[in-house]
Amino acid sequence: MTDLTNHPHENPGTPFNPDWIDSLRVNKSAIERRTSSLMTRRTVKKEWQSAWHLKAVSCIDLTSLSGDDTPGRVKRLCGKAANPVRPDILEALGASAMGLTTGAVCVYHEMVPTAVAALKGTSVPVAAVSTGFPAGLAPVETRLEEIQRSVAAGASEIDIVITRAHVLTGNWQALYDEVKAFRAASGPARMKSILATGEHGNLAQVAKASMVAMMAGSDFIKTSTGMEGVNATLPVSLVMIRQIRDYFERTGIMVGYKPAGGIKTAKDSLAYLTLIKEELGRDWLDPKWFRFGASSLLGDLERQLEYHAFGRYSANYRHAAG
Amino acid sequence: MTLMDKLESMEYGPAPENGAKAQAWLAGHGRSFSHYIGGAWQAGTGAVIASHNPANGEKLADIAAASEADIDAAVSAARKAQPGWVALGGHGRARYLYALARLVQKHSRILSVLESLDNGKPIRETRDIDIPLVARHFYHHAGWAQVMDAELPDMEALGVAAQVIPWNFPLLMLAWKIAPAIAAGNTVVIKPAEYTSLSALMFAEICMEAGLPAGVVNVITGKGDSGGMLTGHKGVNKVAFTGSTGVGRIIRKQIAGSGKKLTLELGGKSPYIVFEDADIDSAVEGLVDAIWFNQGQVCCAGSRLLVQEGIEERFMTKVKARMAKLRIGDPLDKCIDIGAIVDPIQRKRIDDMVQAGASEGATVWQPALDMPSTGSFYPPTLISDVGADNICYREEIFGPVLTCMSFRTQKEAVTLANNTRYGLAATIWSESLGRALEVAPALKAGVVWINGTNMFDAAVGFGGMRESGFGREGGMEGMMAYMKPKYEAGLKPSARIALPEAKPAASASGLQAIDKTAKMYIGGKQARPDGGDSLSVLDHSGNVAGLVGDGNYKDIRNAVEAAGKAFGGWAGASQHLRAQILYYIGENLSARAGEFTERLVSLTGASKKAAAQEIEACSDRLFSAAAMADKFEGRIHQPPIRGVALAMNEAIGILAITCPDDNPLLAFVTLTAHAIAMGNTVVALPSERYPLLATDFYQILETSDLPGGVINIVTGKHADLVPPLARHLSVDGIWHFGDPALEQDIEIEAAENMKRTWLAGSKTYDWSPSGTLSARSILNKAVEVKNIWVPYGDSNLPMTGGGY
């Protein structure tokens with residue numbers, strides 16, 4: 001079993017507090033104004049940018065969630081996770097000693113044992129998507145069983161999906177109960193709750209679902225499975241992390257955030273890191289509290305880092321495939 | 001600092017914009033500038049002023065201080081250019097405005113940098129807000145030039161405009177002034193503020209590059225005294241000023257009686273109201289745009305935070321946390337929220353006011369930010385524990401200083417919001433459409449933003465109520481401020497109707513007639529004059545036709561009070577109801593037409609036919625006012641946001657109307673009917689020569705369901721009654737068609753609370769319904785436009801269709 005001491009489950013949750021969600025209001029236009037002006041208010045250049053790119057690499061949940069995943073493919077992915085950036089680039093940047101890895105590898109349950117074996121001896125945890133991912137409409141028993149099996153197989157992080165119907169019908173108690181049951185089944189693993197925000201009707205539902213998921217004990221809240229029509233966006237992220245901030249202000253408990261799907265460029269990643277820094281603060285800029293659910297992002301980050309290291313833009317084939 | 005240190009700190013690091021090109025431009029001019037007059041640089045004959053970068057105190061350049069001779073030269077260049085500029089036609093002017101817009105875009109980077117250097121504002125703002133809005137303003141007004149003849153066929157240019165602009169948005173205010181003026185066919189002499197003249201001088205080069213005909217735009221530089229010489233210059237037809245209320249007042253008094261058209265965009269102390277059903281985090285973030293935008297040096301800054309008591313504690317905790325995240329420093333750093341205050345003098349002024357607020361008992365809080373060690377910087381500041389009398393709550397600070405107060409109910413929020421002499425802008429945060437759209441019309445503000453703040457667009461008028469000034473910039477209203485009705489040119493000089501020698505009263509034969517003294521009409525009741533004196537009214541041949549009360553300032557006081565009491569109900573009444581009452585007045589007048597015709601004949605000596613026609617015209621005007629009550633409506637703007645801006649025509653308030661002697665009933669009926677059609681309440685001084693027609697008329701009003709106080713009639717000598725009206729601080733506007741000799745004093749007194757005035761200017765108007773004075777042209781004077789910005793949107797799923 002993977003060592004959980006670095007990333008223990010920490011959010012004990014709270015009782016269901018309807019007051020915390022009844023008063024929630026979200027104004028879409030104002031949210032969009034904030035996110036659209038954010039990257040005109042903040043920028044990082046030169047060596048600072050490289051530092052931020054390294055941070056982004058360390059926060060990636062390097063993901064493969066395809067029907068055609070095979071053990072060989074997953075092993076290669078794990079290799080990339082353990083050594084995400086070519087050593088000569090890190091050396092040129094003076095970053096060799098940091099032991100850079102991605103935040104985790106994220107796979108389906110079937111691939112957990114392969115990944116755990118491949119990552120043995122590294123500090124990279126294995127995350128398993130679970131509970132009938134991506135739609136979450138498998139029978140309750142099998143969803144709970146899936147969590148337990150993945151934990152037993154060595155997954156130290158479980159990415160659960162919620163029942164969207166609870167959100168769309170405003171049945172917050174049912175959502176709370178569901179997530180709490182998943183939480184209990186996750187045992188010592190850190191649990192990330194995928195809200196599938198691309199299927200919520202409005203941002204107020206996103207905010208309420210976020211708060212309910214945290215009250216029920218989620219260690220992370222996560223935007224998307226990557227399979228919805230719309231995945232992570234900055235506006236949705238702003239709404240979710242403001243709920244994380246409120247939850248922290250109310251309880252003193254930190255909850256992590258994971259945008260997933262559609263984050264492909266180094267520039268995108270800087271926008272998210274900036275958003276986190278501005279709205280949550282420096283403490284959250286850590287793989288313990290922030291992850292990107294992404295697969296192709298790493299390639300662009302590595303390219304940018306190589307440019308900073310050597311002053312030339314690289315070609316994809318010069319970097320190890322994941 | 002190694003890369004690993006940077007990774008640990010996760011700071012942003014410096015991100016300086018390159019100032020080299022702007023500096024090279026300054027160097028290319030030898031860091032010394034002349035005036036731009038008649039299409040060429042013209043050396044000043046006055047003193048020289050040094051212009052500094054407030055962020056580091058470095059001198060940027062010397063600019064010229066315009067002398068009387070320089071201003072003469074500029075005004076005559078503009079005068080000389082004006083006929084040709086008009087003759088060029090709408091399309092011809094549109095091409096030049098379009099070229100200016102394009103050139104502003106082409107030079108946007110250097111303009112942004114120069115503006116930031118000169119003013120101290122962050123490059124992010126000049127780059128993303130100021131300069132794009134400048135280009136947008138010229139594009140929009142290129143369009144107005146193009147369509148003016150078709151859209152505004154009855155209007156024409158004023159002539160030469162004198163424009164004095166402030167230092168807070170130097171180039172943007174220049175665009176707001178120049179674009180509508182030249183679109184309409186005026187030529188301009190503009191004086192930027194002495195702290196920030198450089199972008200205007202670069203704009204002069206853009207005019208040259210565009211090949212703008214010489215003299216259409218003239219730029220003179222200098223301090224306030226140069227501005228005063230410009231606004232006071234006899235050769236200008238229009239004065240437009242943006243700046244403090246104090247200076248606006250001085251300008252208004254300076255030009256009183258000159259016949260110059262005037263628009264003033266002045267100070268503000270705008271409320272920022274947060275209801276408990278708001279998106280609280282977004283409302284906190286909105287404050288950054290409201291009061292920490294441009295270092296708070298914004299006339300419409302949301303400087304008075306009003307937050308509902310139930311969320312106050314949580315909200316203020318969030319505000320402080322947000323303030324602690326603001327970054328203050330080098331304006332050319334792209335990562336900076338708050339730049340430098342424009343000048344150390346201004347910085348000291350801000351600090352003095354904050355200290356004064358503290359000494360009056362306010363709690364002052366400032367976050368522990370990394371402050372630059374040199375330069376003119378002031379930290380974001382929160383002032384709490386204040387009463388409505390604290391200087392920081394009451395006065396415009398023009399700095400990054402927010403004053404906060406709580407309220408309990410929506411009603412109280414509105415009362416507190418309106419508890420100010422100003423009326424520029426207001427912000428409402430609430431997720432309840434019903435609440436927001438109920439509050440917006442109740443606020444005394446020319447611009448209201450719902451769930452957002454400091455949104456601007458060239459198509460949406462901007463300007464104030466009360467002592468925040470008058471006139472609008474942007475949109476149709478903004479164009480109107482640089483035009484006049486064509487009929488004005490054809491108006492004939494007014495002549496007073498000579499008073500005949502009084503004849504002795506005829507000896508009584510038969511029964512003594514029952515004495516009849518016309519009373520005043522105040523608050524819906526007939527009222528005796530406070531002083532207990534009467535004046536006799538002579539008919540055209542000198543016979544005593546009757547007596548009217550000889551009113552004094554106390555009668556004025558009573559009438560204004562009655563009009564004030566009636567205002568809320570009348571302005572809030574439906575358009576339909578106001579129309580119905582006006583129709584009813586017309587109907588009742590018609591029923592007694594014979595009686596009024598006879599009175600006209602006997603009083604004025606008019607022929608029976610002419611008198612009958614005049615009564616008929618009165619009915620016509622009443623019907624017209626009634627008809628337009630529900631047709632003279634606002635418009636819906638669709639600015640480049642997902643949302644709308646509702647341009648609503650709102651009543652001005654309490655209007656004083658002094659009537660001319662010619663057409664004594666028709667003029668009275670025409671003016672009052674259109675005034676009340678829009679929801680104003682009126683204190684009317686009827687024709688001094690023939691007041692009996694108006695006093696007869698109140699019997700019609702009494703039988704027509706008109707609520708008491710909507711129209712009040714005070715008789716007496718205008719010379720006694722006009723001054724107290726002009727001085728009365730509850731009177732919001734004056735329409736003066738009486739003695740022209742009173743006009744200058746009216747303007748001087750009106751400057752105190754910035755009454756809106758419509759002065760006859762020694763001209764005789766054609767009051768007939770078919771004449772030049774259309775219902776629409778009167779109604780334009782009876783309203784002020786309030787623009788209510790309503791961004792919308794809720795769906796998290798992609799939408800298509802209208803508004804997207």
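Below, each value reflects all heavy atoms present in this structure, side chains not excepted, and no hydrogens, waters or symmetry copies.
For Glu47(A) and Lys6(B), the salt-bridge test passes: some basic side-chain N is under 4.0 Å from an acidic carboxylate O. In summary, Arg33(A) and Asp279(B) do not engage in a salt bridge, as defined by a charged side-chain N under 4.0 Å from a carboxylate O. For the pair Asp281(B) and Arg34(A), the salt-bridge criterion is not met [side-chain N within less than 4.0 Å of a carboxylate O].
With a 4.5 angstrom heavy-atom cutoff, Ala278(B) touches chain A only via backbone atoms. Only the side chain of Glu249(A) comes within contact range of chain B, judged by heavy atoms closer than 4.5 Å. Looking at Thr233(A), neither its backbone nor its side chain comes within 4.5 Å of chain B, counting heavy atoms on both sides. Only the backbone of Ile336(B) comes within less than 4.5 Å of a heavy atom of chain A; no side-chain atom from C-beta onward does. Interface residue Arg322(B): only side-chain heavy atoms are found under 4.5 Å from chain A. Proximity to chain A involves both the backbone and the side chain of Glu11(B), based on heavy atoms less than 4.5 angstrom apart. Contacts of Glu125(B) with chain A are absent, with no heavy-atom separation under 4.5 Å from either backbone or side chain. Neither the backbone nor the side chain of Pro122(B) comes within less than 4.5 Å of any heavy atom in chain A. If you measure heavy-atom distances from Ser9(B) to chain A, the contacts under 4.5 Å come from the backbone alone.
Looking at Arg327(B) and Arg42(A), their side chains come closer than 4.5 Å, going by heavy atoms from C-beta outward. Side-chain atoms of Leu203(A) and Asp794(B), non-hydrogen and from C-beta on, never get closer than 4.5 Å to each other. Glu285(B) places a side-chain heavy atom less than 4.5 Å from the side chain of Glu279(A).
No more than 12 heavy-atom neighbours from other residues, nucleotides or ligands sit within 6.0 angstrom of CG on Asp370(B). Other residues, nucleotides and ligands place no more than 12 heavy atoms under 6.0 Å from the NZ atom of Lys267(A). When the shell of 6.0 Å around CG of Leu168(A) is examined, it contains more than 12 heavy atoms from other residues, nucleotides or ligands. The number of heavy atoms from other shown groups lying within 6.0 Å of CZ (Phe248(A)) is above 12.
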Under the side chain to side chain contact (heavy atoms under 4.5 Å, CB included) criterion, do Glu32(A) and Ile641(B) qualify, and how do the steps go? CA-CA 11 Å; Glu32(A) 289 172 345; Ile641(B) 61 165; over 6 Å; no

Set out, in order, the CA-CA distance, both residues' side-chain angles and the distance that settles salt bridge (Lys or Arg N to Asp or Glu O under 4.0 Å) for Arg314(B) and Asp246(A), then state yes or no. CA-CA 10 Å; Arg314(B) 190 155 163 250; Asp246(A) 267 9; 2.6 Å; yes

Test Val288(B) against Arg41(A) for side chain to side chain contact (heavy atoms under 4.5 Å, CB included), laying out the working first. CA-CA 12 Å; Val288(B) 177; Arg41(A) 285 183 178 273; 3.8 Å; yes

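For Trp48(A) (side chain) and Ala15(B) (main-chain N/O), no donor-acceptor pair under 3.5 Å exists by modelled atom type. Put simply, the side chain of Lys28(A) gets close to the backbone of Ser795(B): a donor and an acceptor are under 3.5 Å apart. Checking side-chain atoms of Arg127(B) against main-chain N and O of Thr40(A) turns up a donor-acceptor pair under 3.5 Å. No donor-acceptor pair closer than 3.5 Å links the side chain of Arg124(B) to the backbone N or O of Ser37(A).
A cation-pi arrangement is present between Lys277(A) and Tyr12(B), with the terminal nitrogen or guanidinium carbon under 6.0 Å from the aromatic centre and inside a 45° cone about the axis.
With hydrogens and angles left out, the side-chain atoms of Gln205(A) and Asn796(B) include no donor and acceptor closer than 3.5 Å. A side-chain donor-acceptor contact under 3.5 Å links Arg642(B) and Ser29(A).
For the side-chain contact (heavy atoms from CB on, under 4.5 Å) test with Arg25(A), the passing option among Asn451(B), Asp277(B), Ile280(B) is Asp277(B); the others fail.
Considering every non-hydrogen atom in both Arg242(A) and Ser282(B), the closest pair reads NH1-OG, 3.3 Å. Heavy atoms only, all atoms of each residue included: Ala51(A) and Leu7(B) are closest at O-CD1, 3.1 Å.
Of the listed residues (Thr43(A), Asn27(A), Val44(A), Leu54(A)), the one with the most heavy-atom contacts under 4.5 Å to chain B is Asn27(A). Most heavy-atom pairs under 4.5 Å with chain B: of the set Glu199(A), Met98(A), Lys55(A), Lys45(A), this distinction falls to Lys55(A).
Taking NE2 from His308(A) and CG from Leu3(B), the interatomic distance works out to 9.5 Å, rounded to the nearest 0.5 Å. Separation of atoms CG (Asp283(A)) and CE (Met10(B)) is listed at 12.0 Å; rounding is to 0.5 Å.
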